[in-house]
Number of protein chains: 4
Amino acid sequence: MSPKIVDKTEKKRTILQAAMKVFARKGFAKAKMNDIALEAGIGKGTIYEYFRSKDQIFINAFHFFIGDMEAEFNKILARDMNPKEKLVAIIKATFDSFFSAGDFGGILMDFWAEGIRNHQQEAMEDVFNLKEVYRKYRQIIMDILEEGIRCGMFREIDTQTTASLLFGCLDGIMLQYILDPAFVDMNAASRTLADIFTTSLTKHKSR
Amino acid sequence: MSPKIVDKTEKKRTILQAAMKVFARKGFAKAKMNDIALEAGIGKGTIYEYFRSKDQIFINAFHFFIGDMEAEFNKILARDMNPKEKLVAIIKATFDSFFSAGDFGGILMDFWAEGIRNHQQEAMEDVFNLKEVYRKYRQIIMDILEEGIRCGMFREIDTQTTASLLFGCLDGIMLQYILDPAFVDMNAASRTLADIFTTSLTKHKSR
Amino acid sequence: MSPKIVDKTEKKRTILQAAMKVFARKGFAKAKMNDIALEAGIGKGTIYEYFRSKDQIFINAFHFFIGDMEAEFNKILARDMNPKEKLVAIIKATFDSFFSAGDFGGILMDFWAEGIRNHQQEAMEDVFNLKEVYRKYRQIIMDILEEGIRCGMFREIDTQTTASLLFGCLDGIMLQYILDPAFVDMNAASRTLADIFTTSLTKHKSR
Amino acid sequence: MSPKIVDKTEKKRTILQAAMKVFARKGFAKAKMNDIALEAGIGKGTIYEYFRSKDQIFINAFHFFIGDMEAEFNKILARDMNPKEKLVAIIKATFDSFFSAGDFGGILMDFWAEGIRNHQQEAMEDVFNLKEVYRKYRQIIMDILEEGIRCGMFREIDTQTTASLLFGCLDGIMLQYILDPAFVDMNAASRTLADIFTTSLTKHKSR
DNA sequence: GATGAATGAGGATTCATTCAT
DNA sequence: GATGAATGAATCCTCATTCAT
């Protein structure tokens with residue numbers, strides 16, 4: 001009765017990962033559906049059994065990419081750590097998440113580029129809202145900063161701006177790594193970034 | 001002598017600025033030559049009198065965009081300031097440069113996205129080498145940092161990584177501004193960024 | 001003996017009727033094999049157990065549609081009626097046959113459209129010869145007209161052309177009904193058509 | 001200043017006529033844009049300078065085809081003739097119009113087929129309303145019939161149904177001609193059709 | 001110099017058909 | 001026998017680029 005049994009979810013992920021590789025390699029615009037099919041080792045037409053369009057693949061890739069990071073952050077927030085430790089953990093988690101994405105790092109650029117254009121235009125607002133994602137992550141950092149100020153661990157700073165800067169710094173350093181891996185030591189970057197922000201934020205009793 | 005006097009350079013810039021507006025609005029891939037022609041108020045074919053191809057326009061736009069910043073930085077370096085002041089000036093100049101680009105902010109994403117892809121591929125290496133541009137700017141910051149350490153103003157830090165982080169932070173915060181201008185106060189960002197880095201780098205005598 | 005007894009003929013008809021519904025609804029070109037499978041409540045692949053191709057389904061549908069009408073006409077010809085009565089009976093039978101086709105009326109257009117193209121091309125000539133079908137039906141009408149002339153009931157007319165016109169009129173009125181059912185009263189049409197032709201053909205003794 | 005001067009309207013017609021030829025030969029669905037381009041002796045892309053899509057070509061072809069007939073009919077109605085003469089003139093004009101369409105006769109089938117489907121669906125209602133076209137032409141015939149009855153030239157008949165039948169007969173006979181030109185003498189058909197209807201409709205004084 | 005009409009290579013998408021289960 | 005996942009040929013349409021005027 002039931003013919004060929006296929007794990008749709010499994011195959012969908014296979015295609016998605018193939019697509020992400022190709023996007024990372026060529027960028028969204030230059031990535032051909034055929035490239036994705038070849039990378040996935042399937043026929044061109046098969047992709048359309050799992051995704052309605054090239055755009056849909058992109059959006060799915062975005063959510064796939066974001067998903068992990070979100071889970072990771074929530075785990076950190078739930079842990080029993082002081083604000084400074086949380087901040088360091090968030091920084092470390094972001095770097096880890098970036099590396100677990102493996103080849104797909106370059107795809108970040110397309111997420112950004114597409115996200116920026118979308119926010120200026122009308123459609124897709126709901127499915128591909130990079131602005132919201134950023135707000136959410138900034139809020140997480142802001143919460144930690146405010147907690148630190150409340151408990152007297154951090155000095156009084158503009159939490160919103162500082163959160164933006166920290167988050168921006170994470171983005172920016174990854175960008176440089178993607179662009180020029182030989183020049184950026186990511187371990188050092190993780191440590192130094194944590195160092196700079198915690199040093200600067202820490203309230204010195206004696207002063 | 002010449003029947004029609006046209007300032008080639010002037011018109012080239014007109015086209016370039018039109019192109020940058022369109023790129024910023026739609027992204028490189030979705031920007032049509034016709035859009036650029038319309039924006040520039042000229043005929044489609046005329047563009048080809050000034051640029052060999054769409055790619056060439058992009059590369060020219062890139063250099064146009066970079067050019068100002070480079071000049072600005074050199075001016076700062078030549079000025080008679082201490083390292084801390086220079087750092088603050090560089091940060092300020094970067095923000096200013098970004099705003100002077102006006103509408104064109106969004107184009108940064110395409111520069112980045114294209115630049116990243118190009119560095120992984122072969123062609124264009126010479127004409128569109130984003131990697132080199134970044135190395136150059138990082139070097140400028142590194143030089144300031146090292147000068148600061150030498151003269152005992154900054155503590156001993158990993159200058160290369162710190163330069164990367166500072167420069168990354170500048171990129172990252174602009175990205176967020178482009179994406180969500182209502183959320184990011186650029187003046188505060190400029191001040192806070194300078195504050196965080198100088199505070200953190202400053203060598204405290206008593207310790 | 002056989003593990004599963006399936007009435008091949010029965011299922012073939014099921015598929016055929018499903019196909020006819022879909023053809024009527026969407027036209028041959030826009031009808032998808034999947035639509036037919038869904039309408040028939042079977043799997044897409046199953047259709048190919050009964051028909052070699054989409055074209056074959058169409059041809060079979062055509063013959064299925066024609067089959068009834070042919071039987072009906074032969075019955076009329078065999079009956080003991082005068083030519084005028086036979087003509088009226090043929091007209092009535094055609095209308096009835098059209099309505100018995102139910103939803104499938106619209107499919108006539110595709111039969112016509114396809115038939116016309118096929119006759120101008122080479123292939124299918126044998127399996128799908130609309131020209132022959134028309135010739136046959138015209139001949140039936142011609143025979144009745146000639147019989148009427150022979151027995152002095154009809155005046156001397158161009159039987160071939162008159163047969164074409166009568167048959168054309170039947171086609172044409174159905175077309176209008178399909179297009180705009182609210183505007184065409186098919187009962188009135190049947191009566192009026194019979195009236196016009198018999199009135200016009202009848203030989204008036206006194207003149 | 002002004003480059004290549006092209007009569008857009010003229011070229012549009014050229015493409016339209018090429019398209020009509022191809023539609024007539026292959027049917028709408030099987031006609032490729034490339035076929036039309038080849039027939040028109042231009043490049044594939046050029047078509048899109050004049051028509052937005054294949055559908056638009058079809059709709060334009062429809063209006064082009066209808067246009068002439070409408071003008072012709074209005075001329076007849078304006079002439080000083082009695083109803084019987086008008087009827088004959090309308091019949092003749094329809095046949096003439098059909099032949100002036102030359103090769104394009106076969107395209108009628110696609111108009112019909114498409115028109116029928118459209119009336120069952122939603123879109124295009126306004127641009128491609130075959131129902132309205134038929135209503136208009138039936139009305140023209142009805143008006144003539146009613147005028148004939150009023151002036152005592154025609155007997156009292158169901159004008160709406162008779163108009164449908166006459167118009168249907170015109171369609172139907174053309175269909176047969178397209179299908180099997182060797183079998184249908186269009187001159188005879190024109191004459192016989194006029195004969196049958198006028199004979200049948202004429203009020204005989206002595207009765 | 002300027003133009004925009006013409007072009008055709010290129011790519012997303014559709015869908016009849018196949019075939020492993 | 002029945003199925004539907006997989007396939008790729010086929011096709012519409014886009015758009016950078018050319019070139020006659």
Side-chain angles (χ1 to χ4, degrees), chain A residues 1-8 11 29-37 40-57, chain B residues 2-6 8 11 29-38 41-57, chain C residues 2-6 8 11 29-38 41-57, chain D residues 1-8 11 29-37 40-57:
Chain A
M1 203 50 95
S2 57
K4 208 182 287 188
I5 288 162
V6 174
D7 187 341
K8 280 239 165 201
K11 190 146 197 178
K30 283 192 199 139
K32 328 268 175 259
M33 292 305 271
N34 208 22
D35 296 333
I36 298 171
I42 58 172
K44 206 177 357 148
T46 309
I47 297 174
Y48 289 88
E49 297 281 326
Y50 297 87
F51 299 94
R52 209 175 8 272
S53 70
K54 200 182 168 192
D55 280 340
Q56 281 304 310
I57 298 179
Chain B
S2 51
K4 213 173 198 177
I5 293 166
V6 174
K8 274 249 172 197
K11 191 150 193 177
K30 284 189 199 144
K32 323 281 172 240
M33 291 303 269
N34 207 25
D35 296 335
I36 297 170
L38 258 76
I42 58 169
K44 202 167 17 140
T46 311
I47 297 175
Y48 287 85
E49 298 285 326
Y50 298 87
F51 300 94
R52 201 167 26 267
S53 70
K54 198 184 168 192
D55 281 341
Q56 282 303 311
I57 298 178
Chain C
S2 51
K4 212 171 196 176
I5 292 164
V6 176
K8 276 247 170 198
K11 193 151 192 177
K30 284 189 198 144
K32 322 283 172 239
M33 290 304 269
N34 207 25
D35 296 334
I36 297 171
L38 258 77
I42 58 170
K44 203 170 13 142
T46 310
I47 297 174
Y48 287 86
E49 298 284 326
Y50 297 87
F51 299 95
R52 200 167 27 265
S53 71
K54 199 184 168 192
D55 281 341
Q56 282 303 312
I57 299 178
Chain D
M1 202 46 97
S2 57
K4 206 182 287 186
I5 288 162
V6 174
D7 186 342
K8 281 241 167 199
K11 191 147 195 178
K30 284 192 197 139
K32 328 270 175 259
M33 292 305 272
N34 208 22
D35 296 333
I36 296 171
I42 59 172
K44 205 177 359 144
T46 309
I47 297 174
Y48 289 88
E49 297 281 327
Y50 297 87
F51 299 94
R52 211 177 5 274
S53 70
K54 200 182 167 193
D55 280 341
Q56 281 303 311
I57 299 179

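All figures in this text were calculated on a predicted structure; none of them were measured in a lab. Sequence lines set the chain letters: A, B, ... in the order given, protein chains first and strands last, and positions in each chain run from 1. We use all heavy atoms of the structure for the numbers below, so side chains are in, but hydrogens, waters and symmetry mates are not.
Which of F:dC13, E:dA5, E:dT17 sits closest to the side chain of D:S53 comes down to F:dC13. Listed candidates were E:dA12, E:dA5, F:dA2. Nearest to the side chain of C:E49 is F:dA2. For B:K8, taking side-chain heavy atoms from C-beta onward, the closest of the listed nucleotides E:dG1, E:dT3, F:dT3 is E:dG1.
At the phosphate of F:dC12, OP1 or OP2 sits under 4.0 Å from a side-chain N or O atom of D:K54. Using a 4.0 Å cut-off, some side-chain N or O of C:T46 falls inside it from OP1 or OP2 of F:dT3.
Between the NZ atom of C:K44 and the C1' atom of F:dA5 there is a distance of 8 Å, rounded to whole Å. One interatomic measurement links the two molecules: CD1 of A:I57 to C1' of E:dG11, which rounds to 13 Å at whole-angstrom precision. Rounded to whole Å, atom P of F:dA5 lies 10 Å from atom NZ of A:K11. For the pair C:I47 CD1 and E:dC19 P, the computed distance is 18 Å after rounding to whole Å. Across the protein-nucleic acid pair, D:K30 atom NZ and E:dA16 atom P stand 13 Å apart, rounded to whole Å. Summarising the geometry, the separation between OH on A:Y48 and C1' on E:dA16 is reported as 17 Å, rounded to the nearest angstrom.
Across all strands shown, D:K32 has heavy atoms under 4.0 Å from sugar-phosphate atoms exclusively, and none from any base. Within 4.0 Å (heavy atoms only), A:A31 reaches sugar-phosphate atoms of the nucleic acid but no base atom.
With sequence neighbours excluded, the residues forming a side chain to side chain contact (heavy atoms under 4.5 Å, CB included) with D:Q56 are D:R52, D:S53, D:I59, D:N60, listed by chain and number.
Using modelled atom types, one side-chain atom of B:K54 and one backbone atom of B:A31 make a donor-acceptor pair closer than 3.5 Å.
Helical stems in DNA chain F, defined as runs of 3 or more consecutive Watson-Crick or G-U wobble pairs with both donor-acceptor distances under 3.5 Å, are listed by first residue as E:2-21 with F:2-21.
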